[in-house]
S.K.: 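Input: one structure, supplied below.
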Amino acid sequence: MSSSLVESPRTFGDMMRMPVRFYKTIGEDIYAHRSTNELTSLLLKIYLYAGFINFNLLVCGELVFFYKSIQDFETVRLAIAVAPCIGFSLVADFKQLTMVVYKKTLIQLLDELEEMHPKTLLAQKAYKMADFERTMKRVISIFTFLCLAYTTTFTLYPAVKATVKYNFLGYETFDRNFGFLIWFPYDATSRNWVYWITYWDIAHGAYLAGIAFLCADLLLVVVITQLCMHFSYISGRLEAHPCDPDQDEENLSFLCSMIKYHDKCLTLCEHVNNMYSFSLLLNFLMASMQICFIAFQVTESTIEVILIYCIFLMTSMVQVFLVCYYGDALIAASERVGDAAYNQNWFQCSKRYCIMLKLMIMRSQKPAMIRPPTFPPISLVTYMKVISMSFQFFALLKTTYYRD
């Protein structure tokens with residue numbers, strides 16, 4: 001058999017490929033501490049900082065546009081249209097800020113997960129890694145497509161529409177419009193070269209925001225997938241352990257190793273919670289308002305605007321669901337450890353073994369979770385709360401708009 005057909009073990013780097021590659025396209029190198037090329041690392045850092053300076057200047061332009069629009073009732077609809085984009089931009093900014101503030105914690109987390117990653121095919125089958133990776137890849141593919149579809153549609157649609165009208169439908173002028181509502185301190189459409197420089201400047205800012213927003217969540221998905229895999233392995237080992245009463249030393253040695261393994265996984269979960277809790281709180285609050293404003297646009301606009309905003313709406317809802325789904329999966333996987341420990345034939349073992357097992361069960365009753373401040377632990381219940389908040393905002397907005 002050809003060596004190229006022999007199945008090789010999947011590395012931790014294989015699972016991290018998507019977030020790492022996408023992050024590098026905006027200048028963020030997660031593994032910069034391992035780089036041997038200092039010049040490349042420096043250039044990437046300059047590119048990243050320059051990109052975020054440009055992006056935040058555009059966000060300031062959106063905020064000014066929003067402020068000017070709410071001054072007059074006739075232009076309030078424009079303020080409602082730009083509000084979801086501002087929310088998306090602020091969340092992307094805060095997610096990137098979180099990555100910067102917790103860079104050391106992130107590096108430590110990823111290094112420890114890589115060290116714990118099963119290295120051989122036999123070990124990976126025992127961990128059922130293929131099943132976890134398959135689900136993870138499907139989720140990542142769907143969310144990546146939606147997130148990039150949103151930024152691409154908003155960015156390219158005005159230029160594509162204007163090109164079709166000018167070159168194929170016989171219009172005499174080329175409409176110089178942008179996909180995002182931004183105030184500029186100069187006339188961005190006065191000259192052709194000014195328009196196109198501004199246009200591609202906005203396009204880069206939109207891409208950077210989309211990647212910063214996307215990759216923080218892809219990183220969370222990869223990390224939680226790994227942690228769920230480890231919790232599942234611990235549960236399987238505990239349930240399968242024979243608990244032979246004549247081999248007390250072996251039983252105690254096995255249980256000690258499982259307790260240490262379990263404790264390490266819980267410690268890594270705390271790192272994840274520390275990194276993501278505040279950013280996800282802002283994410284959920286902004287998502288509630290984004291979904292509200294987008295839904296208003298969908299109910300009050302033309303067909304072409306509805307189609308564009310529907311992609312944005314799907315992206316926002318899927319993103320919240322994705323985070324809540326994996327938060328729920330983490331809680332369930334960590335709770336199963338206690339169930340698996342109880343399902344052993346522990347009544348045949350020594351008193352010391354039973355006491356240690358009892359402590360492990362008690363610890364697992366406080367499951368691993370991500371806990372945003374003032375919000376319940378992230379789970380599918382949280383998703384229902386976010387959607388409920390969005391509907392309340394939407395109903396209030398509709399009532400206020402038509403009353404005025």
Side-chain angles (χ1 to χ4, degrees), residues 25-26 51 54-55 57-89 92 142 144-211 213-214 290-291 293-318 401-402:
T25 63
I26 62 170
N54 169 62
F55 167 64
L57 289 173
L58 294 172
V59 174
C60 289
E62 286 184 322
L63 291 168
V64 172
F65 185 92
F66 178 82
Y67 175 77
K68 286 178 173 289
S69 298
I70 60 174
Q71 301 304 308
D72 187 350
F73 181 75
E74 296 298 321
T75 57
V76 165
R77 288 180 61 85
L78 295 176
I80 294 172
V82 76
C85 300
I86 293 173
F88 185 90
S89 300
I142 293 170
T144 301
F145 171 77
L146 283 173
C147 201
L148 295 182
Y150 151 63
T151 53
T152 304
T153 305
F154 266 75
T155 302
L156 299 183
Y157 178 72
V160 172
K161 180 182 176 182
T163 302
V164 170
K165 288 169 68 175
Y166 183 71
N167 291 330
F168 300 103
L169 300 181
Y171 281 65
E172 295 182 0
T173 58
F174 187 94
D175 295 332
R176 295 172 183 169
N177 297 319
F178 301 110
F180 298 91
L181 300 172
I182 302 173
W183 174 85
F184 294 100
Y186 59 91
D187 189 347
T189 59
S190 60
R191 297 180 182 180
N192 204 42
W193 66 272
V194 174
Y195 169 73
W196 283 112
I197 289 176
T198 305
Y199 189 94
W200 291 114
D201 180 60
I202 294 172
H204 179 265
Y207 177 76
L208 183 141
I211 295 301
F213 186 92
L214 167 71
Q290 277 176 238
I291 293 169
F293 287 126
I294 296 168
F296 184 85
Q297 283 295 109
V298 168
T299 58
E300 298 293 328
S301 301
T302 60
I303 293 297
E304 60 180 338
V305 174
I306 288 172
L307 290 175
I308 293 172
Y309 273 91
C310 273
I311 297 173
F312 195 178
L313 179 63
M314 287 176 62
T315 304
S316 297
M317 295 184 70
V318 168
Y401 183 82
Y402 285 110

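Just so you know, residue 1 is the first one in the sequence shown, and it goes up from there. None of the values given here were measured: they were computed from a predicted structure.
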S.K.: If you look at every heavy atom in Glu304 and Lys161, which pair is closest and at what distance?
M.R.: OE2-NZ, 3.1 Å
S.K.: If you compare all heavy atoms of Arg77 against all heavy atoms of Phe296, which two are closest, and at what distance to 0.1 Å?
M.R.: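 That closest heavy-atom pairing would be NH1-CE2, 4.1 Å.
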S.K.: State, yes or no, whether a side-chain contact exists between Ile86 and Leu63 at a heavy-atom distance under 4.5 Å.
M.R.: yes
S.K.: Hey, does Asn192 have a side-chain heavy atom less than 4.5 Å from the side chain of Arg176?
M.R.: yes
S.K.: Ignoring hydrogens and geometry beyond distance, is a side-chain donor-acceptor pair present between Tyr207 and Thr25 at under 3.5 Å?
M.R.: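 Yes.
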S.K.: Report yes if the side chains of Val82 and Ser69 come closer than 4.5 Å at any heavy-atom pair, otherwise no.
M.R.: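 Counting from C-beta outward, Val82 and Ser69 never come under 4.5 Å.
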S.K.: Tell me whether the count of non-hydrogen atoms from other residues, nucleotides or ligands lying under 6.0 Å of CH2 in Trp196 goes above 12.
M.R.: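 More than 12 heavy atoms, drawn from other residues, nucleotides or ligands, come within 6.0 Å of this atom.
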S.K.: For the pair Tyr199 (side chain) and Gly179 (backbone), establish whether a donor and an acceptor sit closer than 3.5 Å, ignoring hydrogens and angles.
M.R.: no
S.K.: Less than 4.0 angstrom from a charged side-chain N to a carboxylate O is my criterion; do Asp175 and Lys165 meet it?
M.R.: yes
S.K.: If you define the side chain from C-beta out and look only at heavy atoms, does anything of Phe154 sit under 4.5 Å from Phe88?
M.R.: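 Of all side-chain heavy-atom pairs linking Phe88 with Phe154, none is under 4.5 Å.
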S.K.: Atom SG of Cys147 and atom CD1 of Ile142: how far apart are they, to the nearest 0.5 Å?
M.R.: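 Taking SG in Cys147 and CD1 in Ile142, the distance rounds to 13.5 Å.
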S.K.: Would you say Thr75's side chain and Asp72's backbone share a donor-acceptor pair under 3.5 angstrom?
M.R.: yes
S.K.: Let me confirm one number: the CD1-CG distance from Ile26 to Leu208, rounded to the nearest 0.5 Å.
M.R.: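 Separation between the atoms: 4.5 Å.
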S.K.: Under the side chain to side chain contact (heavy atoms under 4.5 Å, CB included) rule, collect the residues that match up with Ile182, sequence neighbours excluded.
M.R.: Leu58, Glu62, Phe180, Phe184, Ile202
S.K.: Roughly how far apart are Ile70 CD1 and Ile80 CD1, rounded to 0.5 Å?
M.R.: 11.0 Å
S.K.: Do Tyr67 and Trp183 make a side-chain contact, defined as non-hydrogen atoms from C-beta onward lying under 4.5 Å apart?
M.R.: no
S.K.: What distance separates Ile197 CD1 from Tyr195 OH, expressed to the nearest 0.5 Å?
M.R.: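 If we round to the nearest 0.5 Å, Ile197:CD1 and Tyr195:OH are 13.0 Å apart.
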S.K.: Roughly how far apart are Thr315 OG1 and Ile291 CD1, rounded to 0.5 Å?
M.R.: 10.5 Å
S.K.: Output the distance between atom CD1 (Ile311) and atom OH (Tyr157), rounded to the nearest 0.5 Å.
M.R.: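 Answer for the CD1-OH pair, Ile311 versus Tyr157, is 11.0 Å.
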S.K.: From the options Phe65, Phe66, Tyr150, select the one residue that forms a side-chain contact (heavy atoms from CB on, under 4.5 Å) with Cys85.
M.R.: Tyr150
S.K.: I'd like to know if the side chain of Thr151 reaches the main chain of Leu148, judged simply by a donor and an acceptor atom lying under 3.5 Å from each other, with no hydrogens or angles considered.
M.R.: yes
S.K.: Could you tell me if the side chain of Phe178 sits less than 4.5 Å from the side chain of Thr189, heavy atoms only?
M.R.: yes
S.K.: Do Thr198 and Tyr186 pair up side chain to side chain, a donor and an acceptor below 3.5 Å, judged on atom types alone?
M.R.: yes
S.K.: Kindly check if the number of other-residue, nucleotide or ligand heavy atoms within 6.0 Å of CZ (Phe174) is above 12?
M.R.: yes
S.K.: How close do Gly87 and Gln290 get, counting heavy atoms only, and between which atoms?
M.R.: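 Here Gly87 and Gln290 meet closest at C-OE1, 3.5 Å.
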